[in-house]
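Let me begin by presenting the structure, written as structure tokens, before commenting on it.
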Amino acid sequence: MTLLSATFAFADEAAVSSPDGKLQVSISCNGGRAFYSATFNGQQVLCPSALGLKTSIGDFTKGLVLKQQKTDALSKQYEMRGTKASQASYQANRLQMEFQNADGMQMSITFQVSNNDIVFRYEMPRQKFQRKDMKRVRILSEASSFNFPDGTTTFISPQIGPETGWEQTKPSYEEGYSADGAMDSPSQYGHGYIFPALFHLNMGNEAWVLVSETGVGSNYCGSHLSDYQAGNGYTVAYPDRGENNGFGSDFAAIPLPGHTPWRTITVGNSLKPIVETTISYDVVDQLYAPSTNYQPGRYTWSWLIWQDNSINYDDQVKFIDLASAMGFEYCLVDNWWDTQIGRERVAELSKYAQRKGVHLLLWYNSNGFANDAPQGPRDCMNTAIAREREMKWIQSIGVKGIKVDFFGGDKQEVMRLYEDILSDANRYGLQVVFHGCTIPRGWEKMYPNYVASEAVLASENVFFNEGAAIRQPFDLTLHPFCRNATAAMDWGGIIMNKYLSKDNKSRHSRKTTDIFEMASGIIMQTSVQCVAMQPNNLEELPQFEMDFLRLLPTTWDETRYIEGYPGRYVVLARRHGADWYIAGLSAQKEPLTLTLNLPMFAAGQTLQYYVDNQKTGEPQLTTLRIDKKGRAKVTLQPNGGVILKK
């Protein structure tokens with residue numbers, strides 16, 4: 001970061017604006033309490049919202065006096081791996097404020113405001129308390145709130161209580177989302193709402209606000225939002241005491257000097273800043289160097305449709321052969337491989353895969369304490385000694401990554417486990433995917449071998465019940481504006497079977513078209529993408545679909561929002577190298593015709609057009625010409641999709 005200027009002042013009020021002046025944040029200290037508010041293009045987007053902490057060394061929610069403020073400007077450029085863009089530029093104005101509470105204890109708050117993003121965090125110095133030099137502090141609760149204007153609607157997902165769900169594996173960020181819900185609707189389980197949370201402001205000019213957090217590792221607990229309270233909005237809430245089977249603290253503990261994670265607020269008059277934001281990465285740093293050049297790619301996965309019985313040597317060979325035939329880089333061997341295949345034969349399987357140009361990814365249970373999930377391998381990832389032994393063996397047989405499942409919540413103790421797994425895996429050149437887990441919070445940049453997290457009601461539920469299959473179009477047209485806008489998401493499968501069964505004839509049908517599924521591989525962002533093809537698809541799919549999936553990129557140099565509305569439809573443009581891919585998904589019940597502005601293509605250029613036939617619904621590949629104004633007219637069929645590329 002570059003320090004451009006600095007000023008000092010003393011007052012009960014402070015303010016900071018974005019470099020373009022459109023986003024303005026005001027902070028006031030009235031009656032001993034601190035508040036902030038925000039406007040965008042002159043429109044109120046956050047009403048006065050509380051600031052402050054309650055800690056083991058003092059209460060910083062009341063009796064506050066603003067002692068000093070300092071402003072400066074920041075500028076930096078950086079590269080990223082495995083996110084929506086390969087490069088980013090961050091320019092922001094920064095405001096640092098020092099507060100003193102009634103006991104004379106010190107706390108500072110830092111706001112940074114870029115053109116569409118606000119971040120803030122608390123910082124505490126070493127200081128004297130009752131004549132003792134304080135070198136550590138427990139952050140017991142946080143007063144930070146997000147108070148939106150009346151009439152705001154929500155796209156938010158409820159937090160569920162601890163040790164709920166199948167085998168007490170929740171909370172795992174796998175609940176459904178509202179669609180233009182009312183703010184005052186009580187959360188489904190009485191535990192508030194998870195990050196990220198999307199809000200639609202409907203008064204005057206339209207505005208959108210996305211709220212989340214970033215920079216959480218072993219240094220802090222994960223947070224979420226409380227239920228809405230009129231006049232106060234949503235407040236930052238810490239983990240439930242019962243999470244992680246009751247083990248670990250429901251507060252955060254930090255050394256002094258120290259700071260909290262960043263709370264992030266993305267604001268726009270359209271959904272473009274929401275989709276394109278990189279704020280999760282702008283304000284965090286890489287924590288260690290990569291031990292190797294980690295490779296993106298596609299993987300096959302037998303478990304999604306063939307389930308537990310497929311975790312045997314012969315069936316895994318079939319999915320390795322499928323990956324090889326498609327030119328995919330990886331094959332994921334899921335739960336129970338330690339008992340249903342055995343370690344010696346898994347080593348043989350890895351050698352076989354490598355001869356076919358494929359590398360294995362292996363599934364693990366995170367530990368045996370947080371829940372009752374029975375799947376093995378167990379107790380291989382929960383201690384440093386176990387990880388050292390296991391990861392050394394994994395590396396020795398040529399495995400390139402692990403999928404670790406079933407975590408116990410958001411306590412700092414659990415966040416430390418995530419970080420320990422990632423750090424240890426990096427020493428052995430292993431990429432990591434998490435399932436049954438919390439959302440990532442800047443992790444793609446913080447941990448160079450981190451790939452993605454599930455943390456969503458994902459593709460396995462499409463298999464488990466027909467209701468989830470019916471909801472899939474809604475989910476996948478929502479997440480680009482919310483869950484996937486803040487971090488990589490392992491949805492877990494571009495599903496190409498017509499039916500959710502091994503024979504592709506029984507059980508319930510897939511409710512989306514082939515083009516929808518193919519386009520979802522572009523819309524859903526993760527650098528190691530599951531293409532959940534089945535061996536039978538090699539004989540059943542049209543050649544043009546096979547060719548597309550063989551060449552599907554999983555890393556992107558640039559992402560642009562084109563058009564959409566959460567839960568209804570979405571069209572995005574992503575660039576891989578010199579090649580642009582335009583992908584659209586629809587959850588509408590009727591055909592949706594759109595005229596898209598596509599300035600990345602030349603007027604008159606002819607593109608490949610993947611589309612569902614309007615009469616038959618069957619997938620087809622045709623061509624479409626960009627008009628003289630740089631536009632293309634496309635039609636998305638119900639639960640269908642479109643793809644445009646050179």
Side-chain angles (χ1 to χ4, degrees), residues 25 36 38 46 49-53 83 90 92 109-114 116-123 139 141-148 154-159 171 173 191-199 209-226 233-240 243 250-254 258-267 274 277-285 287 407 409-412 414-416 418-419 434 437-447 450 453 455-456 481-489:
V25 179
Y36 75 103
L46 277 168
S49 303
L51 294 166
L53 302 172
T83 64
Y90 179 62
I109 307 176
T110 298
F111 275 85
Q112 294 177 189
V113 184
S114 53
N116 290 96
D117 297 290
I118 303 166
V119 298
F120 67 91
R121 73 180 183 186
Y122 303 90
E123 301 170 11
I139 311 296
S141 64
E142 189 169 330
S144 307
S145 68
F146 307 91
N147 188 17
F148 298 104
T154 69
F155 297 81
I156 51 180
S157 177
Q159 173 78 315
Y173 288 67
H191 291 268
Y193 300 93
I194 65 171
F195 288 132
L198 179 65
F199 299 91
V209 181
L210 180 65
V211 176
S212 193
E213 66 178 0
T214 192
V216 183
S218 62
N219 59 318
Y220 219 79
C221 61
S223 303
H224 61 279
L225 294 176
S226 71
Y234 302 88
T235 302
V236 169
Y238 286 176
D240 190 289
E243 291 181 19
D250 54 349
F251 53 79
I254 61 175
H259 56 76
T260 69
W262 294 103
R263 310 299 172 209
T264 70
I265 306 166
T266 301
V267 182
I274 305 297
T277 183
T278 56
I279 195 61
S280 295
Y281 318 111
D282 293 339
V283 293
V284 301
D285 297 316
L287 298 183
F407 289 82
D410 287 341
K411 289 182 175 179
Q412 190 170 359
V414 185
M415 295 296 169
R416 185 177 296 113
Y418 285 114
E419 183 172 281
F434 293 121
C437 58
T438 193
I439 60 161
R441 295 162 166 90
W443 292 359
E444 296 95 320
K445 189 176 179 189
M446 294 162 64
Y447 310 113
Y450 170 78
S453 295
V456 71
F481 306 104
C482 195
R483 166 66 182 86
N484 210 193
T486 59
M489 183 179 79

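Side-chain polar atoms of Thr266 and Asp117 form a donor-acceptor pair below 3.5 angstrom.
At least one donor-acceptor pair closer than 3.5 Å links the side chain of Thr260 to the backbone N or O of Tyr122. Remark: side-chain polar atoms of Lys411 are not paired, donor with acceptor, to backbone N or O of Pro239 under 3.5 angstrom. No donor-acceptor pair closer than 3.5 Å links the side chain of Gln112 to the backbone N or O of Ile118. Between the side chain of Arg121 and the backbone N or O of Phe111, no donor-acceptor pair lies under 3.5 Å. No side-chain donor-acceptor contact under 3.5 Å links Ser280 to the backbone of Thr214.
The aromatic rings of Phe120 and Tyr36 sit tilted, their planes meeting at an angle between 30° and 60°. Using cut-offs of 30° and 60° on the angle between ring planes, the pair Tyr234 and Tyr193 is perpendicular.
Put simply, the residue from Tyr447, Phe434, Tyr220 that forms a ring pair (Phe, Tyr, Trp, His ring centres under 6.0 Å) with Tyr418 is Phe434.
Rounding to the nearest 0.5 Å gives a distance of 11.5 Å between CZ of Phe251 and OG of Ser141. Distance NE2/His224 to CD/Gln159: 5.0 Å, rounded to 0.5 Å. To the nearest 0.5 Å, the span separating CG on Asn147 from CG on Leu46 amounts to 7.5 Å. Taken from OG in Ser144 to CG in Leu53, the straight-line distance is 6.5 Å, to the nearest 0.5 Å. Atoms OG and CH2, on Ser453 and Trp443 in that order, are 5.5 Å from each other to the nearest 0.5 Å. Rounded to the nearest 0.5 Å, atoms CD (Gln412) and CG (Asp250) are 11.5 Å apart.
In terms of heavy-atom proximity, Ile279 sits nearest to Thr277 at N-OG1, 3.1 Å. The nearest pair of heavy atoms linking Met415 to Thr438 is CE-CG2, 3.8 Å. Here the closest heavy-atom approach between residue Ser223 and residue Arg263 is recorded as OG-NH2, 3.5 Å. When all heavy atoms of Lys445 and Val284 are compared, the closest pair comes out as NZ-O, 3.0 Å. The minimum heavy-atom distance linking Thr486 with Tyr281 is given by the pair O-OH, 3.6 Å. Residues Arg483 and Pro440 share a closest heavy-atom pair of NH2-CD, 3.7 Å.
Under the 4.5 Å side-chain criterion, counting only non-hydrogen atoms from C-beta, Glu419 is in contact with Leu287. Between Ser157 and Tyr173 the shortest side-chain heavy-atom distance does not fall below 4.5 Å. In this structure, Thr235 and Ser145 have side chains that are in contact, with non-hydrogen atoms separated by less than 4.5 Å. Within the 4.5 Å cutoff, side-chain heavy atoms of His191 are placed close to those of Asp240. Under the 4.5 Å side-chain criterion, counting only non-hydrogen atoms from C-beta, Thr278 is not in contact with Thr83. Taking the side chain as every heavy atom from C-beta outward, Phe148 and Val211 approach each other to under 4.5 Å. Tyr238 has its side chain out of reach of Asp410: every pair of non-hydrogen atoms, C-beta onward, lies at least 4.5 Å apart.
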Worked verdict on Glu243 versus Val414 for side chain to side chain contact (heavy atoms under 4.5 Å, CB included): CA-CA 9 Å; Glu243 291 181 19; Val414 185; over 6 Å; no
Let me see the working for Arg441 and Glu213 under salt bridge (charged side-chain N to carboxylate O under 4.0 Å, His left out), right down to the final yes or no. CA-CA 6 Å; Arg441 295 162 166 90; Glu213 66 178 0; 2.5 Å; yes
List the steps and the verdict of side chain to side chain contact (heavy atoms under 4.5 Å, CB included) for Val283 and Tyr90. CA-CA 9 Å; Val283 293; Tyr90 179 62; 3.7 Å; yes
So Leu210 and Phe481, side chain to side chain contact (heavy atoms under 4.5 Å, CB included) or not? Walk me through it. CA-CA 8 Å; Leu210 180 65; Phe481 306 104; over 6 Å; no
I would like to know whether Ser212 and Ile439 meet side chain to side chain contact (heavy atoms under 4.5 Å, CB included); could you show each step before the answer? CA-CA 10 Å; Ser212 193; Ile439 60 161; 4.1 Å; yes
